[in-house]
Amino acid sequence: MGKNHPTVTNIEEGYTKKNNDSPSGKKKQNRIIKFKWTILVLFYLTMMISAIYFISPYSEIREISVSGSNEVFDQEVIDSSGVRSGESVLETYFDRKTIFQNVKNELPQVKSIQLYIEGLNNFRFDITEFKTVAYLKDGKKYYHVLENGKLIENSNTITGSELPTFISFSDDKVLKQMLDQYNKLDKNIKTMISEMEWIKNDRNPLLVKAYMNNGNEILASIPSFSQRMQRYPQLVRAVNGENGLFDLEAGAYFLPFSTEDDQKFDKENGVQLDENSNE
């Protein structure tokens, strides 16, 4: 019989055994074993912590609060969201887009909304609102007129507000035109206006009357309202602060009240004003 020669397999096995028996080979094996045990321990720890979390009170919403609200009531935001204390923190948070849409559908005054988790299980809704720029009176009802033109019914009578009340604006298109003109006014002019009334006039269907906080009245046409109103402070100085009606529909005409106690006009003392005057 011939002498046996080592095969490739025998050579590989011998090489592997030699390396495993060497110090560096043993270290490598130990590292692999430790890595496997670490993965296994982390997996079981994660499962254990998750199980403890889901059966603990921390997995449920404890308190719900609202920030950023000025006109919308906090409870309205919470109610419209449908979120309740005791519900799952994670399920509710992952469903937040649907919740946001529900709030906006129920409360059109809400412009944007975000949800934050504070601590471990407290929820906070942070909202921004469309600003109310005026109020609309329709019979006995009052509406918020928002900056985006939408109307929100208000159950209470408006008292003590610095914003003007729009009266008799029964046509949405006319109301929008008026709002566009009103929004162009300087802030100091806006604060002088108490009420705006749409005057149904056959000669000028876009005629409005502004009632000022100091008792003056102003007639103007909606398309040129903002341009005409910018001259109002100068025109008041031109009549030395006397109260009356400023007709700014075409030019600038002042009709004083006959006495300080009534709103009847003294037609005999009407004055044609120079609307370009700075005095």
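Here the structure is a predicted model, which is why all the values come from computation and not from measurement.
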Notebook entry, point to check: Between Tyr253 and Leu219, does a side chain to side chain contact (heavy atoms under 4.5 Å, CB included) hold up when you go through it step by step?
Noted result: CA-CA 10 Å; Tyr253 185 79; Leu219 278 176; over 6 Å; no
Notebook entry, point to check: Which atom pair, heavy atoms only, marks the closest approach of Val89 to Glu60?
Noted result: CG2-C, 3.6 Å
Notebook entry, point to check: How long is the gap from OG on Ser80 to NZ on Lys104, to the nearest 0.5 Å?
Noted result: 12.0 Å
Note to self: Surrounding CZ of Phe100 (heavy atoms of other residues, nucleotides or ligands, distance under 6.0 Å), is the total greater than 12?
What the structure shows: yes
Check: Does some side-chain heavy atom of Glu242 sit less than 4.5 Å from a side-chain heavy atom of Phe254?
Finding: yes
Next item on the list: Output the distance between atom CD (Glu118) and atom CZ (Phe123), rounded to the nearest 0.5 Å.
Entry: 10.5 Å
Check: Are Leu90 and Ile61 grouped together when hydrophobic residues (ILVMFWY) are joined by side-chain heavy atoms under 4.5 angstrom apart?
Finding: yes
Checklist line | Side-chain heavy atoms of Ile193 within contact of Met229, under 4.5 Å | finding: yes
Next item on the list: Of all the heavy-atom pairs spanning Leu175 and Phe166, show the shortest one and how long it is.
Entry: CD1-CD2, 3.5 Å
Margin query: In this structure, would Val83 and Ile78 fall into the same cluster of hydrophobic residues linked by side-chain contacts under 4.5 Å?
Written below: yes
Margin query: So does Asn188 get a backbone contact from the side chain of Asp186, meaning a donor-acceptor N/O pair under 3.5 Å?
Written below: no
Note to self: Let me confirm one number: the CD1-CG distance from Ile64 to Asp74, rounded to the nearest 0.5 Å.
What the structure shows: 12.0 Å
Checklist line | From Ile113 atom CD1 to Lys97 atom NZ, the distance as rounded to the nearest 0.5 Å | finding: 14.5 Å
Margin query: Are Ile167 and Phe169 connected into the same hydrophobic cluster when the rule is that any two of I, L, V, M, F, W, Y join if their side-chain heavy atoms are below 4.5 Å apart?
Written below: no
Margin query: With a 4.5 Å cut-off on side-chain heavy atoms, are Ser170 and Trp198 touching?
Written below: yes
Check: Is the shortest side-chain N to carboxylate O distance from Lys209 to Glu217 below 4.0 Å?
Finding: yes
Notebook entry, point to check: Any side-chain donor-acceptor pair under 3.5 Å between Glu195 and Thr165?
Noted result: no
Checklist line | Tyr232 side chain near Met192 side chain, heavy-atom distance below 4.5 Å | finding: yes
Check: Going hydrophobic residue to hydrophobic residue with side-chain gaps under 4.5 angstrom, can you get from Leu151 over to Met196?
Finding: yes
Note to self: When you measure from the side chain of Glu76 to the backbone of Leu107, do you find a donor-acceptor pair of N or O atoms at a distance under 3.5 Å?
What the structure shows: no
Checklist line | Closest approach of Pro205 to Asp202 (non-hydrogen atoms, all atoms of both residues) | finding: CD-O, 4.4 Å
Check: Is there a donor-acceptor pair closer than 3.5 Å between any side-chain N or O of Arg228 and the backbone N or O of Ala250?
Finding: yes
Check: Shared ILVMFWY cluster between Tyr182 and Leu146, side chains joined below 4.5 angstrom?
Finding: no
Notebook entry, point to check: Hey, mind stepping through Ile152 and Glu71 against side chain to side chain contact (heavy atoms under 4.5 Å, CB included) and telling me if it holds?
Noted result: CA-CA 11 Å; Ile152 306 295; Glu71 299 180 32; over 6 Å; no
Check: Does Thr132 reach the side chain of Gln109, with side-chain heavy atoms less than 4.5 Å apart?
Finding: yes
Note to self: Which heavy atom of Tyr143 sits nearest to which heavy atom of Glu153, and what is that distance?
What the structure shows: CD2-CA, 3.4 Å
Note to self: Using the rule given for salt bridge (charged side-chain N to carboxylate O under 4.0 Å, His left out), can you reason through Lys176 versus Asp180, listing the C-alpha separation, both sets of side-chain angles and the distance that settles it, and then say yes or no?
What the structure shows: CA-CA 6 Å; Lys176 186 180 184 305; Asp180 290 342; 3.3 Å; yes
Next item on the list: Considering non-hydrogen atoms only, spot the tightest contact between Leu179 and Val133 and give its length.
Entry: CD2-CG2, 4.0 Å
Notebook entry, point to check: Are the side chain of Asp126 and the backbone of Gln114 linked by a donor-acceptor contact shorter than 3.5 Å?
Noted result: no
Note to self: With a 3.5 Å distance limit and no angle check, can you tell me whether Asp247 reaches the backbone of Glu249 through a side-chain donor-acceptor pair?
What the structure shows: yes
Margin query: Using a 3.5 Å distance criterion without hydrogens, assess whether the side chain of Gln181 forms a donor-acceptor pair with backbone atoms of Ser226.
Written below: yes
Margin query: For a side chain to side chain contact (heavy atoms under 4.5 Å, CB included) check, start with the C-alpha distance between Ile127 and Val103, then their side-chain angles and the critical distance, and finish with the verdict.
Written below: CA-CA 10 Å; Ile127 69 169; Val103 173; 5.6 Å; no
Next item on the list: Could you grab the distance from atom CZ of Phe125 to atom OG of Ser69, nearest 0.5 Å is fine?
Entry: 12.5 Å
Note to self: So does Asn216 get a backbone contact from the side chain of Asn243, meaning a donor-acceptor N/O pair under 3.5 Å?
What the structure shows: no
Margin query: Taking Ile222's backbone N and O only, do any of them form a donor-acceptor pair with Gln177's side chain (distance below 3.5 Å, no angle check)?
Written below: no
Note to self: Within a 6.0 Å radius of atom NZ on Lys190, are there more than 12 heavy atoms belonging to other residues, nucleotides or ligands?
What the structure shows: yes
Next item on the list: Could you tell me which non-hydrogen atom of Ser194 sits nearest to which non-hydrogen atom of Asn213, and how far apart they are?
Entry: CB-OD1, 3.2 Å
Notebook entry, point to check: Within the distance-only criterion (no hydrogens, no angle test), does the side chain of Asn204 pair as donor or acceptor with the backbone N or O of Leu206 below 3.5 angstrom?
Noted result: yes
Notebook entry, point to check: Atom CD in Gln230, atom CZ in Phe225: separation rounded to 0.5 Å?
Noted result: 9.5 Å
Note to self: With side chain to side chain contact (heavy atoms under 4.5 Å, CB included) as the criterion, how do Arg62 and Leu120 come out once you've worked through the C-alpha distance, each side chain's angles and the decisive distance to 0.1 Å?
What the structure shows: CA-CA 9 Å; Arg62 187 163 69 94; Leu120 290 175; over 6 Å; no
Notebook entry, point to check: Hey, does Ile189 have a side-chain heavy atom less than 4.5 Å from the side chain of Pro233?
Noted result: yes
